[in-house]
Amino acid sequence: MSLGILVLAVLILAAAGFLAGRRRAISSAGGDPRRLHSLPGHYGQFAALLTAVPALALLAVWLMAQPMVIEQRVASLLPAGDASASSLLMADVRRISTGLQRLAVTDGLSPRDVAGLSPEGLAPRLRVVGVAVTSMGPETLAAARAHRDLQDRLGFWMVVSVLATSAAGLGLALARIRPEFRARNITERFVMVILIAASLVAVATTVGIVMSLLFETMNFFRLYPAQDFFLSLTWNPQFRGGSDLGIWPLLWGTMYISFIALLVAVPIGLLTAIYLAEYAGARTRSWAKPAIEILAGIPTIVYGLFALVTVGPALRDWFAQPLGLGASSSSVMTAGLVMGIMLIPFISSLSDDIINAVPQSLRDGSYGLGATRSETVKQVILPAALPGIVGAILLGASRAIGETMIVVLGAGAAAKLSLNPFEAMTTVTVKIVSQLTGDTEFASPETLVAFALGLTLFAITLVLNVIALYIVRKYREQYE
């Protein structure tokens, strides 16, 4: 049974539980709902929640634990070796296991049939179903068969356990339904627990991201000196040795491009928001706001192509070459301008919503004191909306710092320290991608440096959030 069908089966049981719980509550009250403590729907909700939630929680935990259990069992069947070799062997095992599953679906190949095939006889059949393996020894094939067998067995028991848990929850819910049962109170507490668990997902995700970055960064600093990483002004990774992995050229490129992008996006976006919220009529606003927000739906690769084909050559021919500042179409200015255009809808749309949320009483009070519209905007509306506007600018800054495709196509890949905006530079995110792309050894400093770069970028974003929070709290006190 596939995962989607299993979830659908649990939801069908939950729907049946709702109907059964509601019916049982009415029947237990002798057909008179007035004798019930809660509404009949609350009893149905209680049965549905007890049917679905524990089963789906078990399914989620099972799906997270199953791969780790399988790989731990299968790793013992592989020959001992270093971490990188074991990782490659395990990747081959997973691919072969996937191929065996496809063969079972397309050719009806049973585990007994697979056991009778040699590696030489199995490899062509795997290629037919889209699984190519460079080398497949007897140990790898045996581990792949064990991997496939464990997946099938654990998958079967997962289906049985989830359906049994769902049925047990339904039975328990129906057994507890009585006229005096406080279904509404328990259902509300149940829902509150679900909401708390959902809110903790974001916290747990953040902790997981930080911990994964932190552990790999610690591995990196065991292989490469931290002082060289933070103090060196040269970025020159060499996978054969002699690398210089200083972060400052990447940080400079990131901040330089982001600064130009915000220099373009913040004034245009904020002025656009003020016009749409305070000056534009309803007819103009009805088409202007959606037209601006279309920019937010354009893929970043399209912006990158626009920078590569149009903006870069135009800046080179009109400014860089006549001023003697450079001859390349890839530059900080190219990426910054295009990224600024991309950020305009983020800042303008959020700022517009925030300005519209300012109470009308503040505007009326300002007009009553004789202030003009422009004075009201400058002295009343913008200060009142400042916390939200700072949040919109912060969102734009975070978006600019994390952008990759526009930088790759518009700014190039040169890591350097320069004040010339018409020179090619690069950012931290671009180098994270480049260091983890290609046939590289994962345990080398040149690869692990990507995690140190990611952790540094996370720290920078965190500092920006703290600064923005300080500004928001400082100015909000004046208007509360």
Side-chain angles (χ1 to χ4, degrees), residues 1-24 44-77 90-115 117 122 125-126 129-131 141-177 187 190-191 193-194 197-198 200-201 204-205 208:
M1 182 183 293
S2 66
L3 181 60
I5 296 177
L6 179 59
V7 173
L8 181 61
V10 172
L11 295 179
I12 291 174
L13 281 175
F18 177 84
L19 297 176
R22 189 176 183 278
R23 183 179 302 172
R24 183 174 178 81
Q45 292 173 11
F46 170 72
L49 288 172
L50 205 59
T51 302
V53 174
L56 294 178
L58 174 62
L59 177 61
V61 174
W62 195 297
L63 290 175
M64 289 187 291
Q66 178 174 306
M68 295 185 289
V69 173
I70 292 176
E71 295 208 3
Q72 185 177 6
R73 293 282 299 275
V74 173
S76 61
L77 303 176
M90 187 57 70
D92 283 339
V93 167
R94 286 192 291 267
R95 283 197 294 268
I96 297 171
S97 176
T98 303
L100 294 178
Q101 182 185 23
R102 293 178 184 174
L103 287 175
V105 174
T106 58
D107 298 350
L109 218 62
S110 65
R112 181 177 299 178
D113 298 330
V114 174
L117 292 175
L122 185 60
R125 305 189 70 167
L126 291 175
V129 294
V131 177
L141 180 56
R145 290 169 179 163
H147 190 280
R148 181 78 265 147
D149 182 59
L150 280 172
Q151 275 198 329
D152 292 339
R153 281 190 291 167
L154 291 178
F156 170 77
W157 285 112
M158 178 184 70
V159 172
V160 172
S161 302
V162 170
L163 292 180
T165 303
S166 182
L170 176 58
L172 179 62
L174 294 178
R176 294 192 61 184
I177 291 178
T187 300
F190 209 136
V191 172
V193 171
I194 294 175
L200 291 176
V201 170
T205 302

Met64 CE to Leu59 CG distance, which is reported to the nearest 0.5 Å
10.0 Å
State the CG-OG1 distance between Leu174 and Thr51, to the nearest 0.5 angstrom.
7.0 Å
Residue list, salt bridge (Lys or Arg N to Asp or Glu O under 4.0 Å) with Arg23, at least two apart or on another chain:
none
Locate the shortest heavy-atom distance separating Leu150 from Arg73; write the atom from each residue and the value.
CD1-CB, 3.8 Å
What pair of heavy atoms forms the shortest contact from Gln66 to Leu154, and how long is it?
OE1-CB, 3.6 Å
Looking only at heavy atoms, the pair that brings Ala48 and Phe18 closest together is CB-CB, 4.0 Å
Run the side-chain contact (heavy atoms from CB on, under 4.5 Å) test on Phe156 and Val159 for me, step by step, so that the C-alpha distance in whole Å, both residues' side-chain angles and the decisive distance to 0.1 Å come before the verdict.
CA-CA 5 Å; Phe156 170 77; Val159 172; 5.8 Å; no
Set of side chain to side chain contact (heavy atoms under 4.5 Å, CB included) partners for Ile194, sequence neighbours left out:
Leu49, Val53, Phe190
Summary of side-chain hydrogen bond (donor to acceptor under 3.5 Å, both in side chains) pairs that have at least one residue in residues 160-177, sequence neighbours excluded
none
Between Val10 and Ala55, what is the shortest heavy-atom contact and its length?
CG1-CB, 4.1 Å
side-chain contact (heavy atoms from CB on, under 4.5 Å), that's the test. Do Leu6 and Met158 meet it? Break it down for me.
CA-CA 10 Å; Leu6 179 59; Met158 178 184 70; 4.2 Å; yes
Roughly how far, to the nearest 0.5 Å, is the CG atom of Leu13 from the CG atom of Leu8?
10.0 Å
Tightest non-hydrogen contact, residues Gly17 and Ala47, listed as O-CB, 3.2 Å
